[in-house]
Engineer: 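I have a structure I would like to understand better, so I am pasting it below and will then ask my questions one at a time.
The shown structure was predicted, so the numbers you read here are calculated from the model rather than taken from an experiment. Position 1 is the first residue of the sequence; numbering continues from there.
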Amino acid sequence: MKDMDFDSKGNPVVLYIRSNGYKPGPESTPYEWCVTFWDGKAWQTTVVTESDHNYDMGSLFIAEDNWSIVGPTEQGTQAWGVGGELAIWQSSDQGATWQKKLDVTKHSKRAHSYVRRPLNFKAPFCFFWADGHSHDFSKSELYFGNFNGTIYKLPYTMEGDFAKPERISQ
């Protein structure tokens with residue numbers, strides 16, 4: 001399970017990845033990003049997309065009829081490793097169908113993952129995440145962004161109590 005939220009009627013909605021085994025890598029494919037929700041009468045499950053690792057991590061955002069997922073669903077530079085490139089997936093029919101709205105990151109040196117949804121989020125701080133090399137010890141930086149694709153990177157070294165984030169896209 002990656003995340004959960006509630007629809008406008010208070011029904012539970014769960015985001016998770018399912019696969020054919022517990023081991024990462026090609027032997028357990030496919031890694032399907034699924035949403036299961038209670039529609040008031042029965043449980044419904046839809047497959048949103050696929051990625052290449054069972055520990056990829058994204059978050060679910062529900063606002064009335066606009067449901068979104070932000071996560072590393074796109075292939076990154078380290079195949080079969082945690083993370084990749086971030087994308088925003090959207091459903092305008094309460095989770096019945098999904099389409100990719102936006103590629104948030106592209107051509108990254110390190111894999112992005114562990115996208116989190118802040119409580120009571122407000123633009124531009126709608127979601128935040130970290131990057132790093134999927135297979136080797138590496139530098140890791142922190143980012144936040146919004147649903148229009150604007151991304152900010154936090155300073156790697158903080159010289160005081162406050163520092164201005166660097167805008168790196170849009």
Side-chain angles (χ1 to χ4, degrees), residues 1-5 13-36 45-62 66-91 95 97-118 121 123-158 163 165-170:
M1 188 169 106
K2 304 302 172 182
D3 198 7
M4 74 165 293
D5 205 345
V13 182
V14 180
L15 170 66
Y16 58 96
I17 295 177
R18 68 180 177 195
S19 67
N20 286 315
Y22 67 94
K23 292 183 180 179
E27 66 187 77
S28 296
T29 59
Y31 298 105
E32 296 177 318
W33 288 62
C34 299
V35 173
T36 295
T45 297
T46 57
V47 175
V48 178
T49 189
E50 294 180 10
S51 64
D52 70 352
H53 202 280
N54 48 341
Y55 292 136
D56 285 338
M57 172 65 202
S59 286
L60 178 64
F61 300 80
I62 297 179
N66 183 20
W67 294 13
S68 298
I69 294 169
V70 181
T73 61
E74 308 309 297
Q75 181 68 48
T77 58
Q78 293 104 39
W80 307 112
V82 172
E85 300 291 358
L86 297 188
I88 298 174
W89 292 82
Q90 200 166 41
S91 173
T97 61
W98 293 86
Q99 60 184 353
K100 185 165 65 166
K101 174 186 173 189
L102 182 68
D103 288 313
V104 177
T105 62
K106 298 177 189 173
H107 313 294
S108 304
K109 293 179 183 176
R110 293 181 299 272
H112 298 270
S113 195
Y114 300 103
V115 177
R116 297 291 193 260
R117 171 177 35 107
F121 64 88
F125 197 81
C126 298
F127 44 88
F128 65 102
W129 72 95
D131 71 0
H133 195 287
S134 299
H135 305 295
D136 298 320
F137 184 77
S138 75
K139 180 179 184 178
S140 179
E141 297 191 89
L142 300 173
Y143 303 83
F144 64 92
N146 65 29
F147 292 98
N148 296 324
T150 305
I151 299 173
Y152 295 86
K153 181 170 67 170
L154 296 175
Y156 191 73
T157 303
M158 300 281 287
E166 175 188 356
R167 187 173 177 160
I168 61 173
S169 72
Q170 292 192 352

Engineer: Indicate yes or no: at least one non-hydrogen side-chain atom of Met4 is less than 4.5 angstrom from one of Leu60.
Structural biologist: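 Met4 vs Leu60: side chains apart.
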Engineer: Do the non-hydrogen side-chain atoms of Met57 and Val115 ever get within less than 4.5 Å of each other?
Structural biologist: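 A side-chain contact under 4.5 Å is absent here.
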Engineer: Of the non-hydrogen atoms in Val47 and Arg18, which two are nearest, and what is the gap between them?
Structural biologist: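 Heavy atoms of Val47 and Arg18 come nearest at CG2-NH2, 3.4 Å.
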Engineer: List the atom of Lys23, the atom of Asn54, and the distance in Å for their closest heavy-atom pair.
Structural biologist: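 Closest heavy-atom pair between Lys23 and Asn54: C-ND2, 4.1 Å.
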Engineer: Which pair of heavy atoms, one from Pro72 and one from Ser113, lies closest together, and at what distance?
Structural biologist: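 For Pro72 and Ser113, the tightest heavy-atom pair comes out as CG-OG, 3.7 Å.
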Engineer: If the plane angle is over 60° it's perpendicular, under 30° parallel, otherwise tilted; pick one for Tyr31 and His53.
Structural biologist: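 It falls in the parallel class, under 30°.
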Engineer: Any non-hydrogen side-chain atom of Ile17 less than 4.5 Å from a side-chain atom of Glu32?
Structural biologist: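 No, too far: nothing below the 4.5 Å cut-off.
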Engineer: Just wondering, do Thr105 and Ile151 contact through their side chains at under 4.5 Å, heavy atoms?
Structural biologist: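 In short, these two side chains touch, coming nearer than 4.5 Å.
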Engineer: So, taking the atom named NZ in Lys106 and the one named NE2 in His112, what distance separates them when rounded to the nearest 0.5 Å?
Structural biologist: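 So the gap between those two atoms works out to 12.5 Å.
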Engineer: Tell me the closest heavy-atom pair linking Pro165 and Pro155, and the distance in Å.
Structural biologist: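 What the structure gives for the nearest pair is CA-CD, 4.4 Å.
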Engineer: Any side-chain to backbone donor/acceptor pair from Ser91 onto Thr97? Under 3.5 Å, distance only.
Structural biologist: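 It does hold such a pair.
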Engineer: Assess whether a salt bridge exists between Asp5 and Arg117, defined as any Lys/Arg side-chain N lying under 4.0 Å from an Asp/Glu carboxylate O.
Structural biologist: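 Salt bridge between Asp5 and Arg117, a charged N being under 4.0 Å from a carboxylate O: yes.
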Engineer: Show your working on side-chain contact (heavy atoms from CB on, under 4.5 Å) between Lys100 and Glu74 and close with a plain yes or no.
Structural biologist: CA-CA 10 Å; Lys100 185 165 65 166; Glu74 308 309 297; 3.2 Å; yes
Engineer: Passes side-chain contact (heavy atoms from CB on, under 4.5 Å), Val82 versus Tyr114? Steps please.
Structural biologist: CA-CA 9 Å; Val82 172; Tyr114 300 103; 3.7 Å; yes
Engineer: Can you tell whether the side chains of Glu141 and Arg110 come within less than 4.0 Å, N to carboxylate O?
Structural biologist: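 Between Arg110 and Glu141 there is a salt bridge, with a charged N closer than 4.0 Å to a carboxylate O.
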Engineer: If we ignore hydrogens and angles and just use 3.5 Å, is the side chain of Asn146 paired with the main-chain N or O of Asn148 as donor and acceptor?
Structural biologist: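 Checked: pair present.
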Engineer: Has the side chain of Asp131 got a donor or acceptor atom that lies under 3.5 Å from a matching backbone atom of Ser140?
Structural biologist: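 Not at all, since once roles are kept as given, no pair shorter than 3.5 Å links the two residues.
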Engineer: Could you state the interatomic distance from CH2 (Trp80) to CD (Glu27), rounded to the nearest 0.5 Å?
Structural biologist: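 If we round to the nearest 0.5 Å, Trp80:CH2 and Glu27:CD are 10.0 Å apart.
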Engineer: Step by step, would you call Glu85 with Ser108 a side-chain hydrogen bond (donor to acceptor under 3.5 Å, both in side chains)?
Structural biologist: CA-CA 7 Å; Glu85 300 291 358; Ser108 304; 2.8 Å; yes
Engineer: With a 4.5 Å cut-off on side-chain heavy atoms, are Cys34 and Thr46 touching?
Structural biologist: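 No. Closest side-chain heavy atoms not under 4.5 Å.
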Engineer: Donor-acceptor check, side chain of Ser19 to backbone of Thr29, threshold 3.5 angstrom: yes or no?
Structural biologist: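 Checking the backbone N and O of Thr29 against the side chain of Ser19, no donor-acceptor pair under 3.5 Å is found.
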Engineer: Determine whether the aromatic ring centres of residues Tyr143 and Trp129 are separated by less than 6.0 angstrom.
Structural biologist: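 Here the rings of Tyr143 and Trp129 have centres that are less than 6.0 Å from each other.
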Engineer: Does the side chain of Asp56 reach to within under 4.5 Å of the side chain of Thr73, using non-hydrogen atoms?
Structural biologist: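 They are not in side-chain contact.
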Engineer: Determine whether Trp89 and Trp33 make a side-chain contact, defined as any pair of heavy atoms from C-beta on separated by less than 4.5 Å.
Structural biologist: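 A side-chain contact under 4.5 Å is absent here.
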Engineer: Measure the CD-CG distance between Gln78 and Asp52 for me, rounded to the nearest 0.5 Å.
Structural biologist: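 Gln78 atom CD to Asp52 atom CG measures 10.0 Å (nearest 0.5 Å).
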Engineer: Under 3.5 Å, side chain of Ser169 to main-chain N/O of Gly149, donor-acceptor pair present?
Structural biologist: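 Judged by distance alone, yes, a pair lies under 3.5 Å.
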Engineer: Hey, does Lys153 have a side-chain heavy atom less than 4.5 Å from the side chain of Leu142?
Structural biologist: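 Of all side-chain heavy-atom pairs linking Lys153 with Leu142, none is under 4.5 Å.
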Engineer: Name the residue from Phe128, Phe127, Tyr152, Phe121 that meets the ring pair (Phe, Tyr, Trp, His ring centres under 6.0 Å) definition with Phe144.
Structural biologist: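 The residue from Phe128, Phe127, Tyr152, Phe121 that satisfies ring pair (Phe, Tyr, Trp, His ring centres under 6.0 Å) with Phe144 turns out to be Tyr152.
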Engineer: So with a 6.0 Å cut-off around OH of Tyr16, is the heavy-atom count from everything else above 12?
Structural biologist: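 For Tyr16, atom OH is crowded (more than 12 foreign heavy atoms under 6.0 Å).
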Engineer: Would you please test Phe61 and Phe147 for ring-ring contact (aromatic ring centres under 6.0 Å, His included) and show each step?
Structural biologist: CA-CA 10 Å; Phe61 300 80; Phe147 292 98; 5.0 Å; yes
Engineer: Ignoring hydrogens and geometry beyond distance, is a side-chain donor-acceptor pair present between Thr45 and Thr36 at under 3.5 Å?
Structural biologist: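 Yes, because at least one side-chain N or O of Thr45 sits under 3.5 Å from a partner of the opposite role on Thr36.
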Engineer: Just how far is it from atom SG of Cys126 to atom CD1 of Ile88, taken to the nearest 0.5 Å?
Structural biologist: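 Going from SG on Cys126 over to CD1 on Ile88, the span is 8.5 Å.
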Engineer: For the atom pair OG (Ser59) and CG (Asp3), what is the distance rounded to the nearest 0.5 Å?
Structural biologist: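 Output value for this atom pair is 4.5 Å.
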